[in-house]
Amino acid sequence: MSQTPDTSTIDALSNAARAAGSDVDAQTNLWQAMFELEQWYFVARGSMPDVAPLVGVVDGVPSLLAFTTGARAREFALGNGFSEEEAGQVLGVPTDGVLDLCDQFTTQGVERLVIDQGVLGFFAPLAQLRPIHGFINRPRRVR
C-alpha cells in the first residue's frame, strides 16, 4: 500500500506535468496522487444543512474548485474577499465520494474541476474525471 501523498508531492507532480505538456505519464502520476489523498477540500457556500462546494468562473469556464488541503481552501477564500468566518467553512470530502459529487455538478452545467486555484491551478474537464479515474485504476498487463 502506498503512502498518502502530501501537498509537496502533488505540487512537484503538478510542476512536472506542466513542464511535460501533454505527456500522459506525467498527467497520470498527478491524478493518481490526487486520487490517493484521503480527502479533497472545498470552500463551503451556504449554511447547514444546505451547504455546497464553491463553484467559480476560471478563465470564463464554470469550475468546481477543489483543494489539496483545508488550509489552501481557506487561504483561497480569504484572498477572494470571504470573511474570516466564511473562509473557515471548509468541506472535507472523502476521495471515494468525489466522483459522485463531480457528477452532480456536471448535470448543473459546471464544466471543469480546478485544483488549488491560485496555487497550482491544474484542471480537468469535469465530465472526464470518471474516465481519468478509470484509466488510472485500469488493470495492468504483466509482460
Side-chain angles (χ1 to χ4, degrees), residues 1-140:
M1 181 138 215
S2 64
Q3 186 176 357
T4 301
D6 60 16
T7 54
S8 64
T9 300
I10 291 176
D11 292 357
L13 289 169
S14 174
N15 291 334
R18 184 177 297 112
S22 60
D23 179 70
V24 172
D25 289 337
Q27 291 291 326
T28 299
N29 292 337
L30 174 58
W31 285 102
Q32 185 169 21
M34 281 301 301
F35 283 111
E36 289 175 355
L37 290 174
E38 290 180 23
Q39 294 189 77
W40 291 15
Y41 298 88
F42 301 87
V43 175
R45 299 302 294 151
S47 57
M48 291 302 275
D50 297 319
V51 178
L54 175 67
V55 172
V57 177
V58 178
D59 298 328
V61 179
S63 303
L64 179 60
L65 306 177
F67 298 87
T68 53
T69 67
R72 284 188 173 175
R74 183 180 174 284
E75 289 167 17
F76 172 84
L78 286 172
N80 284 277
F82 287 67
S83 70
E84 190 71 45
E85 182 181 346
E86 291 169 325
Q89 297 178 18
V90 174
L91 296 173
V93 176
T95 302
D96 61 2
V98 165
L99 292 174
D100 290 338
L101 177 73
C102 289
D103 289 345
Q104 292 172 6
F105 279 90
T106 299
T107 65
Q108 298 172 18
V110 179
E111 298 175 25
R112 187 185 284 173
L113 173 75
V114 178
I115 306 293
D116 286 343
Q117 176 64 18
V119 178
L120 300 176
F122 67 91
F123 63 91
L126 208 52
Q128 291 300 310
L129 201 58
R130 204 170 276 280
I132 289 168
H133 183 264
F135 178 79
I136 289 168
N137 292 298
R138 72 193 184 282
R140 312 269 198 239

Q89/R45 under side-chain contact (heavy atoms from CB on, under 4.5 Å): CA gap, chis, key distance, verdict: CA-CA 8 Å; Q89 297 178 18; R45 299 302 294 151; over 6 Å; no
Ignoring hydrogens, what is the shortest heavy-atom contact between [X] and [Y]? Give both atom names and the distance.
X: I132; Y: A124; result: CD1-CB, 3.8 Å
X: I10; Y: L30; result: O-CD1, 3.9 Å
X: H133; Y: F35; result: CD2-CD2, 3.4 Å
X: W40; Y: M34; result: NE1-O, 2.9 Å
X: A26; Y: A17; result: CB-CA, 3.8 Å
X: A73; Y: V90; result: CB-CG1, 4.0 Å

Can you tell me how far the [atom1] atom of [X] sits from the [atom2] atom of [Y], to the nearest 0.5 Å?
X: L54; Y: E86; atom1: CG; atom2: CD; answer: 10.5 Å
X: Q117; Y: F123; atom1: CD; atom2: CZ; answer: 10.5 Å
X: D116; Y: R72; atom1: CG; atom2: CZ; answer: 4.5 Å
X: Q27; Y: S14; atom1: CD; atom2: OG; answer: 8.5 Å
X: N15; Y: F122; atom1: CG; atom2: CZ; answer: 10.5 Å
X: D96; Y: Q39; atom1: CG; atom2: CD; answer: 10.0 Å

List the steps, then state whether side-chain contact (heavy atoms from CB on, under 4.5 Å) holds for L65 with V58. CA-CA 9 Å; L65 306 177; V58 178; 3.9 Å; yes
Any side-chain heavy-atom pair from F105 and L129 closer than 4.5 angstrom? no
Pair R130 + D100, salt bridge at N-O below 4.0 Å: yes
Show, in sequence, the C-alpha distance, side-chain angles and deciding distance for V43 and F67, and conclude whether the side-chain contact (heavy atoms from CB on, under 4.5 Å) test is met. CA-CA 8 Å; V43 175; F67 298 87; 4.0 Å; yes
Residue among V98, T7, T69, T68 satisfying side-chain contact (heavy atoms from CB on, under 4.5 Å) with L37: T68
Would you say the side chains of T9 and D6 form a donor-acceptor pair under 3.5 Å? yes
